[in-house]
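What you see is a predicted model, and the numbers here were worked out from it, not measured in a lab.
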Amino acid sequence: TDQETALGLTGAEQAAIGLSCGALKPAVGSPITACNSGFEVSRLVIPKEGTYNADHNPPRVSPRNLFDVSAGTDNLLRHPEGPRVTLRFTALNITNHVALYNFLSTFSGTHFVTPRSYQAQVGFVF
């Protein structure tokens, strides 16, 4: 909810939210416990001091833009009738942007967006 709460997290949790204090960054075993200037969190939006409201201004995961590309065909071998072969290629998160999807959720924990990945599918329709 605020800077004090973020400084009370473990080093791994601070690293997950992208916390930094100037040039100082947390590590798994060594969290940042105090920060006088340059406090920044890159993967969460923490409300400004004194503006937190659980209903109207809660902390949120930072907005992000991800780009996926997919191309394919439903009739690879060009037969007009009968069985056909389909083909599809998909690239997910092509910019390989590191982002949080969920942070410290009660039921599912912390999740990051899937890193760049590729998929190829071949199908036979009869």
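- Side-chain contacts under 4.5 Å among hydrophobic residues (ILVMFWY), followed directly or transitively, place Phe89 together with Tyr118.
- Residues Asn102 and Thr110 form no side-chain contact, since every pair of their non-hydrogen atoms from C-beta on lies 4.5 Å or further apart.
- By the 4.5 Å side-chain criterion applied to Ile, Leu, Val, Met, Phe, Trp and Tyr, Leu77 is assigned to a cluster that also includes Leu76, Val85, Leu87, Val122, Phe124, Phe126.
- The shortest non-hydrogen separation linking Leu44 to Phe103 is CD1-CD2, 3.9 Å.
- In terms of the side chain to side chain donor-acceptor pair (under 3.5 Å) criterion, Thr114 has no residue partners (sequence neighbours excluded).
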Checklist entry - Where do Thr73 and Thr86 land on the side-chain contact (heavy atoms from CB on, under 4.5 Å) test, with the steps shown first? => result CA-CA 6 Å; Thr73 181; Thr86 63; over 6 Å; no
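- Judged by distance alone, the side chain of Asn96 and the main-chain N or O of Pro115 form no donor-acceptor pair under 3.5 Å.
- Across every non-hydrogen atom of Leu9 and Gln14, the tightest pair is O-NE2, 3.5 Å.
- The local environment of CG in Asp68 is crowded, with over 12 non-hydrogen atoms from other residues, nucleotides or ligands closer than 6.0 Å.
- Looking only at side-chain heavy atoms (C-beta outward), Phe112 and Leu100 come within less than 4.5 Å of each other.
- Between Leu66 and Val113, some side-chain heavy-atom pair lies under the 4.5 Å cut-off.
- A donor-acceptor contact shorter than 3.5 Å is absent between the side chain of Asp2 and the backbone of Ala6.
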Show me, pair by pair, the donor-acceptor contacts under 3.5 angstrom made by side chains of residues 15-35, not counting sequence neighbours?
none

Checklist entry - Asn65 and His97: side-chain contact (heavy atoms from CB on, under 4.5 Å), yes or no, with the steps? => result CA-CA 8 Å; Asn65 291 313; His97 182 69; over 6 Å; no
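- By the 4.5 Å heavy-atom criterion applied to side chains, Tyr52 and Pro59 are counted as neighbours.
- Listed by chain and number, the hydrophobic cluster partners of Leu92 come to none, as no ILVMFWY side chain reaches under 4.5 Å of it.
- Leu104 CG to His111 NE2: the interatomic distance, rounded to the nearest 0.5 Å, is 10.5 Å.
- The closest donor-acceptor contact from the side chain of Ser108 to the backbone of Ser105 lies at 3.5 Å or more, if one exists at all.
- Counting heavy atoms from C-beta on, the side chains of Tyr101 and Arg64 come closer than 4.5 Å.
- The disulfide (SG to SG under 2.5 Å) pairs that include a residue from residues 75-126 number zero, where partners must be two or more places apart or lie in different chains.
- Scanning all heavy atoms of the two residues, the minimum distance from Arg84 to Asp74 falls at NE-O, 2.9 Å.
- Heavy atoms from other residues, nucleotides or ligands lying under 6.0 Å from CZ of Arg88 number 12 at most.
- Here the side chains of Arg60 and Ile46 are not in contact, with every heavy-atom distance at 4.5 Å or above.
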